[in-house]
Amino acid sequence: MIEPTNFIEQFINEDIESGKVSSDSIQTRFPPEPNGYLHIGHAKSLCLNFGVKEKYNGKCNLFLDDTNPSKEKAEYEDAIKKDIEWLGFSYDAVTHASDYYEKIYEFAEKEIELGNAFVCDMTPEEISKNRGTLTEPGKESPFRNRSVEENLKLFREMRAGKYPDGSKCLRAKIDMASPNINMRDPVIYRILRETHYRTGDKWCIYPMYDFAHPICDYMQGVTHSLCTLEFEDHRPLYDWVGITLGFKPKPRQIEFARLNVTNLVMSKRYLKKLVEDGSVDGWDDPRMPTLTGLRARGVPAEALKDFCGRIGISKANSEVQISYFEACVREYLNIHAERAMAVLKPLKVRITNYPEDKTEEVDFDVNPNEEEKRTRKILFSKTIYIDADDFSLAPPPKYFRLKKDGYVRLKSAYIIKCDDIVFDDDGNVKELLCSYVPESRSGNDTSGIKVKGVIQWVSDKTAVDVEIRKYGYLLNDEEYAGQDFSERMNKNSVTVFSGKVEPYVMENKDERPYQFIRTGYFKRLKVKGKEILSEIVSLKDNFNK
RNA sequence: AGGGGUGUCGCCAAGCGGUAAGGCACGGGAUUUUGAUUCCCGCAUUCGUAGGUUCAAAUCCUGCCACCCCUGCCA
């Protein structure tokens, strides 16, 4: 007996116990339509479907739901595969609705033969008009009672290309008076002369989602078809197809709430618009909530999966705060990211009592939290840079960092005292003149001086100039409601710093994330051929509280 | 009386008749050469609401309220 962690697994257990399905046959599928890139919302579905597969030792296919050739592209299919690979899920097979077009067609003929479907000559407008409303029943099509023979002949002619687009369609014969509008003789096949990215011009009729999906599920051996809440009303139709066609065992559709993240723009339509109008650099722009965007940002796949697991599965419409996601990212990065030093806004510091040409190496912890501590050497010298934010001309109370006549520790090195401030012509701080305490060297500090502030620094002898960027998210704040997306973008765009980092960060070939002391988590990224450092997520900062 | 759903802490979310798990956030304290991390401690006498059944209800029943989805030849 498998311990369920959500209501879907409870249902699966019930189906196993009741003998509906055998425990070794559990199968799900991840069913995106290849009409866009996967985003963080899909990650929830991915984790759910593959989670069930792993838990029940079952199967899970990547099923591309390509029944609408006018929206779908191979580019999207390729991107979807890459994203799933990145997340580390392995599917048992890649399948497409289009793989089953012939089979679906046969099932359609079967429905006709069973008297469950008819060819309708009404225009889309007429069908819409006769559908009735939420409170009034619809009117039956005048073509509803055509003979099986006539329907079969007409449907075959539809396939053969005898009729223009939209002039005829195949409809399920269910109930025009049903309170569920999806059951009012829904269209299950349409005529559409559009080149399909996989089947080309082989077909000029295409099955609709409601008809194709249950058939494809069944053909693949799917036992549990997990989808989002808006398909609840379609379940009776899903079941109708399975029952009329005699599917055994009939796949069970179970709905769950889709992921909403507070203020995060996730609509495929808007994301596509941003890409197309050049507001972002592409689907993989680090500001995008797409999986490829998150990957570019430096979000570890493990952190994303952890997030999906932690938010849980339910049927309640909910909105998860982005801080939850960020907490998961921080938690992972805290364990895995190497520490490094960097200054986003360099401020020159001259250590007046340090010899001009002397340098020395100090030991720096790669990650203080790891069990087997590793250290690496960092060069210290007379002139260094600290972050401008680590010095204050007018320090508030309880300010721990550098101020005039105050002491602060340079991480892994010496304690320094700020003796003097050099201003430029405009009255801005240009440089600090400090003195170091020779006996305060990290590791064997005999100075007896206690400082609360520890700041990062880089030596001018080794510092590498690099552009450092903080990327915002594409937010849909009330503040920006009604504004054009390009305007929202400007406000949530990119903050650029001309920073300096220790060479270690730039020397590594891989793109491992770093935690810059007291700053945040960063990774190297190439934007239009230029190497930059971009922020993955900021450090939790209690200083401002 | 259109149908289908959902309502448990600021945000997720367990709970399935025996007297409110956990996480994020938050508040307090300790340790810390990252104001990070880590570590303690606190954080719903109450489960949308009003009744009812029961020795006992978030869990069962009834009524009300709120929110979401459905009138594509989209998925």
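Lettering follows sequence order; numbering is per chain, from 1.
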When you measure from the side-chain N and O atoms of [X] to the phosphate of [N], is any distance below 4.0 Å, counting only OP1 and OP2?
{"X": "A:Ser314", "N": "B:C12", "value": "no"}
{"X": "A:Thr133", "N": "B:G2", "value": "no"}
{"X": "A:Ser323", "N": "B:A25", "value": "no"}
{"X": "A:Asn542", "N": "B:A36", "value": "yes"}
{"X": "A:Arg258", "N": "B:G5", "value": "no"}

Taking the side chain of [X] as heavy atoms from C-beta outward, which of [options] is closest to it?
{"X": "A:Arg339", "options": "B:G35, B:U34, B:C73", "value": "B:U34"}
{"X": "A:Gln10", "options": "B:U6, B:C12, B:C16", "value": "B:C16"}
{"X": "A:Arg518", "options": "B:A75, B:A25, B:U34", "value": "B:U34"}
{"X": "A:Lys315", "options": "B:G72, B:C16, B:G5", "value": "B:G5"}
{"X": "A:Glu232", "options": "B:G4, B:C26, B:U34", "value": "B:G4"}
{"X": "A:Val187", "options": "B:U33, B:C73, B:G35", "value": "B:C73"}

May I ask you to say what A:Phe256 touches in the nucleic acid, namely base, sugar-phosphate or nothing, with a heavy-atom cut-off under 4.0 Å?
nothing
Base, sugar-phosphate, or nothing: which does A:Arg310 touch, judged by heavy atoms less than 4.0 Å apart?
sugar-phosphate
Should the side chain of [X] and the base of [N] be counted as holding a donor-acceptor pair, with the cut-off at 3.5 Å?
{"X": "A:Ser412", "N": "B:U33", "value": "no"}
{"X": "A:Asp233", "N": "B:G3", "value": "yes"}
{"X": "A:Arg409", "N": "B:U33", "value": "yes"}
{"X": "A:Gln321", "N": "B:G10", "value": "yes"}

Between [M] and [N], how far apart are the [atom1] atoms? Round to whole Å, please.
{"N": "B:C24", "M": "B:U19", "atom1": "C1'", "answer": "28 Å"}
{"N": "B:C40", "M": "B:G22", "atom1": "P", "answer": "13 Å"}
{"N": "B:G10", "M": "B:U49", "atom1": "P", "answer": "13 Å"}
{"N": "B:C16", "M": "B:C61", "atom1": "P", "answer": "16 Å"}
{"N": "B:A50", "M": "B:U45", "atom1": "P", "answer": "15 Å"}
{"N": "B:G4", "M": "B:U62", "atom1": "P", "answer": "15 Å"}
{"N": "B:U37", "M": "B:G27", "atom1": "P", "answer": "13 Å"}
{"N": "B:C12", "M": "B:U6", "atom1": "C1'", "answer": "15 Å"}

For the residue pair [X] and [Y], does the interplanar ring angle fall in the parallel (under 30°), tilted (30 to 60°) or perpendicular (over 60°) class?
{"X": "A:Tyr100", "Y": "A:Phe63", "result": "tilted"}
{"X": "A:Tyr514", "Y": "A:Tyr504", "result": "perpendicular"}
{"X": "A:Trp203", "Y": "A:Tyr105", "result": "tilted"}

Tell me, please, whether A:Tyr197 has A:Lys73 positioned over its six-membered ring: NZ or CZ under 6.0 Å from the ring centre and within 45 degrees of its axis?
no
With a cut-off of under 6.0 Å to the ring centre and 45° to the axis, is A:Arg339 in cation-pi contact with A:Phe516?
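No - A:Arg339 does not lie over the ring of A:Phe516 by the 6.0 Å and 45° rule.
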If pairing requires Watson-Crick or G-U wobble contacts with both distances under 3.5 Å, which nucleotide is the partner of [N]?
{"N": "B:C43", "result": "none"}
{"N": "B:G10", "result": "B:C24"}
{"N": "B:G18", "result": "B:C55"}

For RNA chain B, whose closest nucleotide is more 5', that of A:His213 or that of A:Glu331?
A:Glu331
Closer to the 5' end of RNA chain B via nearest nucleotide, is it A:Pro207 or A:Asn367?
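Taking each residue's closest nucleotide, the earlier one in sequence belongs to A:Asn367.
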Using every non-hydrogen atom in the two residues, find where A:His213 and A:Arg29 come nearest and quote the distance to one decimal.
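It is NE2-NH1, 2.8 Å.
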Is B:G72 syn or is it anti, if syn means the base angle is within 90 degrees of 0?
syn
Give me the one residue out of A:Phe118, A:Tyr206, A:Phe155, A:Tyr163 that meets ring-ring contact (aromatic ring centres under 6.0 Å, His included) with A:Tyr189.
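With A:Tyr189 as partner, A:Phe118, A:Tyr206, A:Phe155, A:Tyr163 yield a single ring-ring contact (aromatic ring centres under 6.0 Å, His included), made by A:Phe155.
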With the stacking rule set at 5.5 Å and 30°, tell me whether A:Tyr324 counts as stacking on B:A25.
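No, the aromatic ring of A:Tyr324 does not stack with the base.
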